[in-house]
Amino acid sequence: MEAFVQNHLTAWDKDYASRGRLWGGAAKGLPDLPQGLTILELGCGDGKTLSALPGGGRIVALDISPRALQLARRLRPDAGFILADAAALPLQDGSFDAVFAFHVTGHLLAAERRALAQEAARVLAPGGSLYFRDFGAEDMRAGQGEEVEPGTFRRGGGILTHYFTEGEVMSIFCELEPVSIGTQSWTMRIKGKDLLRAEIEAVFKKR
């Protein structure tokens, strides 16, 4: 099991090494945050969300892939970067006003997802918010690949993807107070077929 965990955590670095920047453009639909906040992004990847975050405060980006951090730094040189596991944050309690977890929680095993949620709650300051996005169970890719845990599938070079229900998201982030949760769905036309994409978005607050 230890070797399997290590392989899935290093799979992203191998992917970025072979393919470079994977995600074009900047993330859309981000919350309208005031300037001056201390913001943490978990699993920043090559910087798609990071590049769209507001300036004027302190931004810290974290990823387990050294190559991803190199790519992200080019897009947001004013941010601080940390090479670390999002399920074991080397950060002080209550040190961030906002935490972003966009398409990172779903690339972990169940125990790691719970640890990420606990760590995110720990580093949030009272009154701070966590912003979550990940694929939902109705997504067109759910069920593709080798199922390694319920709802979690391994494809290609070993990258895992878990497909969430809204109830599961609420359960994982149970240490925080839910503000909103919903599923955004849209279709993509691939090889003449309309296929469904589904993404769960949620906001949580720390009391």
Side-chain angles (χ1 to χ4, degrees), residues 9-108 112-113 115-135 159 161 173 175-176 179-180 184 199-207:
L9 291 177
T10 58
W12 280 107
D13 199 49
K14 294 176 182 177
D15 209 29
Y16 282 114
S18 64
R19 296 201 286 160
R21 189 159 191 253
L22 302 177
W23 320 112
K28 298 179 180 179
L30 267 61
D32 186 16
L33 299 178
Q35 290 193 349
L37 296 183
T38 302
I39 300 172
L40 171 66
E41 186 187 2
L42 302 177
C44 69
D46 59 22
K48 182 173 182 176
T49 300
L50 186 64
S51 64
L53 292 176
R58 174 174 171 250
I59 297 176
V60 176
L62 180 144
D63 204 283
I64 203 164
S65 165
R67 290 172 177 84
L69 293 177
Q70 291 172 0
L71 294 166
R73 188 177 284 111
R74 296 173 190 170
L75 293 179
R76 198 66 191 255
D78 61 320
F81 293 88
I82 301 175
L83 178 66
D85 185 347
L89 298 176
L91 299 165
Q92 294 183 347
D93 295 359
S95 49
F96 291 92
D97 301 308
V99 173
F100 282 79
F102 282 9
H103 292 283
V104 58
T105 317
H107 293 305
L108 302 175
E112 297 165 341
R113 295 194 295 270
L116 179 149
Q118 291 169 355
E119 285 288 84
R122 178 182 66 80
V123 302
L124 267 177
S129 297
L130 179 136
Y131 300 92
F132 171 94
R133 284 184 188 174
D134 245 306
F135 290 119
I159 289 171
T161 304
F173 292 97
E175 295 185 19
L176 301 173
V179 175
S180 63
Q184 307 297 321
E199 184 179 68
I200 295 177
E201 296 187 10
V203 180
F204 297 89
K205 186 172 285 291
K206 185 173 182 177
R207 292 189 177 187

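- Contact record, Glu175 with Ala121: OE1-CB, 3.8 Å, taken as the closest heavy-atom pair.
- Heavy atoms only, all atoms of each residue included: Gly106 and Asp134 are closest at N-OD2, 3.0 Å.
- Under the ring pair (Phe, Tyr, Trp, His ring centres under 6.0 Å) criterion, Phe135 pairs with His103, sequence neighbours left out.
- A search for salt bridge (charged side-chain N to carboxylate O under 4.0 Å, His left out) contacts involving Arg122 returns Asp93, Glu119, not counting sequence neighbours.
- Sorted by first then second residue, the side-chain hydrogen bond (donor to acceptor under 3.5 Å, both in side chains) pairs that include residues 55-65, not counting sequence neighbours, are Asp13-Ser65.
- Pro90 is listed as a side-chain neighbour of Ile82, based on a closest heavy-atom distance under 4.5 Å.
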Determine, step by step, whether Ile64 and Asp85 satisfy the side chain to side chain contact (heavy atoms under 4.5 Å, CB included) criterion, reporting the C-alpha distance in whole Å, the side-chain angles of both residues, the deciding distance to 0.1 Å, and the verdict. CA-CA 5 Å; Ile64 203 164; Asp85 185 347; 4.2 Å; yes
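- Taken to the nearest 0.5 Å, the SG atom of Cys44 stands 11.5 Å off from the CD1 atom of Ile59.
- Shown here for Phe204 and Ala202, the closest heavy-atom pair between the two residues is CE1-CB, 3.6 Å.
- Each of Leu50, Leu53, Leu130, Leu40 was checked for a side chain to side chain contact (heavy atoms under 4.5 Å, CB included) with Phe100, and the lone residue meeting it is Leu53.
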What's the verdict on side chain to side chain contact (heavy atoms under 4.5 Å, CB included) for His107 and Ile159, showing C-alpha distance, side-chain angles and the deciding distance? CA-CA 7 Å; His107 293 305; Ile159 289 171; 4.0 Å; yes
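- Of the possible donor and acceptor atoms, none in the side chain of Lys206 sits under 3.5 Å from a partner among the backbone N and O of Ala125.
- Asp97 pairs with exactly one of Leu37, Leu124, Leu33 by the side chain to side chain contact (heavy atoms under 4.5 Å, CB included) rule, that one being Leu37.
- Below 30°, between 30° and 60°, or above 60°: for Phe173 and Phe132 the angle between ring planes is above 60°, a perpendicular geometry.
- Scanning all heavy atoms of the two residues, the minimum distance from Gly43 to Val104 falls at CA-CG2, 3.8 Å.
- The closest side-chain heavy-atom distance from Pro54 to Ile39 is below 4.5 Å.
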Apply the test side chain to side chain contact (heavy atoms under 4.5 Å, CB included) to residues Leu89 and Leu42: give CA-CA distance (whole Å), side-chain angles for both, the deciding distance (0.1 Å), then the verdict. CA-CA 9 Å; Leu89 298 176; Leu42 302 177; 3.7 Å; yes
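- When every heavy atom of Leu108 is checked against every heavy atom of Leu116, the shortest pair comes out as CD1-CD1, 3.8 Å.
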